[in-house]
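Remarks on the structure that follows.
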Amino acid sequence: MVVTRFAPSPTGYLHIGGLRTALYSYLWAKRNNGKFLFRIEDTDLARNSKEAAEAIVEAFKWVGLAHEGEIVYQSERFDLYKSYVQKLLAEGKAYKCYMSKEELDALREGQMARKERPRYDGRYRDFTGTPPAGVEPVIRIKAPTSGVISFVDGVKGEVSFNASDMLDDFIIARSDGTPTYNFVVVIDDALMGVNEVIRGDDHLSNTPKQIILYQALGFDVPKFYHVPMILNPEGKKLSKRDGAVDVMEYKREGYLPEALLNFLIRLGWSHGDQEIFSFDEMKEWFDPNNINKSASAYNQEKLVWLNAHYIKQASYERLIEELRFFDVDLSLHVKKELLIDALKDRAKTLVEFTHLAKQILEAPMCYDEKAVEKFLNDDAVIILEHYLEALKNEKMVQEASEFETFTKAFLEERGLKLKDLAQAIRLAMVGSSVSPSIFEVLEIIGYENVIERIQKLISFKRS
RNA sequence: GACCCCAUCGUCUAGUGGUUAGGACACCGCCCUCUCAAGGCGGGAACGGGGGUUCAAGUCCCCCUGGGGUCGCCA
């Protein structure tokens, strides 16, 4: 059975790159009827926060990736890790190192000055004398000093490292007794039964260290997939300066989670020429073995296009529900379906959707200057006034088709074209020269409000 | 600097020795049209460079260049 996991460290929000590896892990587990587990890597008590862990879980909920079982918190498993440290110590596979931080820093500085790769020199590897007083030791693993460590990565293919220029006796437990990252990752993955690890390729060079640990601990080494990083549009590492990296920021900006997921799955992976993937299709076809080897640049336009696509596809109920987050409640509006139909081809995000909706729902507070100048000259005001009179005399016009019939008859009597009046009406309705079809807008706004808005524009122009 | 990884249109990608190098986003043009979108049709646009191997190289090998990652008592 395939068991995968997502294991973020709670130092902030859920990063977009993290979400992508989580998605891949989730999909691969689902495709194989396996399990997708969730673990919070909070061994560094000083840097982690409860709030950050909660924020990540919340983001996970938003995108709809469900994990199996309880969330594992590493901070609650220190005793477990300690027992494995003791085991390695007892077996002579790890040892106490009494080197102080100052000594270590001095060693590194010297190495850097000589342009060498900074590394521990192994001075306590075979130490048997009496330890220096007043130094709490760290625990180091005895790593091989020669040979080659290689593994077959599901994405990169065969990768190998020379132990001699890669490894040193790295620390598995700090002087305060807490275990370090590489150590706990290995123990937890092994104990949780994780056998396929999909993660960012920034972990590629940690992998030989972890393999050493798997072997020292007597665990099976899992299959690794190192997925390339997401770059910014300039091809550099994605950072906060490049816009949204926090997943929840996408929610605030009006993106649908399925658009985000669809965007992420196509960043580095493909299924022929297909662009749009339903969640079921993702689960059916995703395979980490054909993830692209090269890094891909974040491309906002594609996300926007995908989002527009999913907005077009969304049901009335869904859209009404999503819009609540932006303080727009359409549920009681009599023309809500017409409104939604009119806007969903035009809004690229839900934020845009709310702006467009409000523009129609609320009478304009001001008018676009250029539009007034261009479409509301003296002749146009007169036509509009006549139109207003005619409309008042008509008593009641309701549907878009009725507004259209009425308007066209009005124009024909005067030998005018729709062009001569349409923009003036639009200006009266929404305050600008851009809107959905005016007849639909008129129906949505309703006879009485239409009259009011036309009157308002005329008096604005006349004053 | 050392080590590791990578390299097809501007971007995401298809391509696994023989292709007019395909699709999508973006861009441009046309159609539709009450504006703006949406939609339809069409267009420009790529194999980083140099050596090999081969009848044949975007595809295999080497070098260069360029990019990315990692080198913590962070994860």
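Only a predicted model underlies this, so the values are computations on that prediction, with no experimental measurement involved. Hydrogens, waters and symmetry mates play no part in the numbers below; they use all other heavy atoms, side chains included. Residue numbering restarts at 1 for every chain, and letters A, B, ... go by the order of the sequence lines.
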Base-pairing assignment for B/A57 (Watson-Crick or G-U wobble, both under 3.5 Å):
none
Any donor-acceptor N/O pair, A/Arg199 side chain to A/Leu204 backbone, under 3.5 Å
no
C1' atom, B/C12 versus B/A7: distance in rounded Å?
15 Å
Is there side-chain contact between A/Tyr298 and A/Asn232, with at least one heavy-atom pair below 4.5 Å?
no
Applying a 3.5 Å limit to both distances, which nucleotide forms a Watson-Crick or G-U wobble pair with B/C9?
none
Do A/Ser175 side-chain and B/C73 base share a donor-acceptor contact under 3.5 Å?
yes
Give A/Gly200 one of three labels, base, sugar-phosphate or nothing, depending on what nucleic acid heavy atoms sit under 4.0 Å from its own.
nothing
Pairing nucleotide - B/A2, Watson-Crick or G-U, each distance under 3.5 Å
B/U70
Taking any heavy-atom pair under 4.0 Å as a contact, classify A/Phe161: base, sugar-phosphate, or nothing.
sugar-phosphate
Among A/Trp285, A/Tyr225, A/Phe277, exactly one meets ring pair (Phe, Tyr, Trp, His ring centres under 6.0 Å) together with A/Trp269. Which residue is that?
A/Phe277
Look at the side chain of A/Ser270 and decide which nucleotide, out of B/G69, B/A75, B/U13, has an atom nearest to it.
B/U13
Please list all pairs passing the side chain to side chain donor-acceptor pair (under 3.5 Å) test where one or both residues lie in residues 304-313 of chain A, with sequence neighbours left out.
A/Asn262-A/Tyr310
Base, sugar-phosphate alone, or nothing: which one does A/Leu204 contact when heavy atoms must sit under 4.0 Å apart?
sugar-phosphate
May I ask you to establish whether A/Arg140 and A/Tyr124 are in a cation-pi arrangement, using a distance under 6.0 Å from NZ or CZ to the six-membered ring centre and at most 45° from the ring axis?
no
Tell me what A/Asp153 touches on the nucleic acid: a base, only sugar-phosphate, or nothing, going by heavy atoms under 4.0 Å.
nothing
If you look at every strand shown and take non-hydrogen atoms under 4.0 Å, does A/Thr43 touch a base, only sugar-phosphate, or nothing?
sugar-phosphate
Using the rule side chain to side chain contact (heavy atoms under 4.5 Å, CB included), only one of A/Leu264, A/Val247, A/Leu23 pairs with A/Val63; which is it?
A/Val247
Report yes if a donor N or O on one partner sits less than 3.5 Å from an acceptor N or O on the other, where the partners are the side chain of A/Glu275 and the base of B/G23; otherwise report no.
yes
For a quick check of understanding: with a heavy-atom distance under 4.0 Å over all strands, which category does A/Met429 fall into, base, sugar-phosphate or nothing?
nothing
Letter per nucleotide, 5' to 3', of nucleotides 31-50 of chain B [B base touched, S only sugar-phosphate touched, - untouched; heavy atoms, 4.0 Å]:
---BBBBSS-----------
What is the nucleic acid contact for A/Arg119, judged by heavy atoms within less than 4.0 Å: base, sugar-phosphate only, or nothing?
nothing
Pick base, sugar-phosphate or nothing for A/Ser432, based on heavy-atom distances below 4.0 Å to the nucleic acid.
nothing
Got A/Thr407 and A/Ile438 here, is their nearest side-chain heavy-atom distance under 4.5 Å?
no
Side chain of A/Lys293 only, heavy atoms from C-beta on: which candidate in B/C73, B/A75, B/C6 is closest?
B/C6
Could you let me know what B/C34 is paired to, Watson-Crick or G-U wobble, both distances under 3.5 Å, or none if it's on its own?
none
Which label fits A/Phe406 and A/Tyr387: parallel for a plane angle under 30°, tilted from 30 to 60°, or perpendicular past 60°?
tilted
Using a 4.0 Å heavy-atom cut-off across all strands, classify A/Glu41 as base, sugar-phosphate, or nothing.
sugar-phosphate
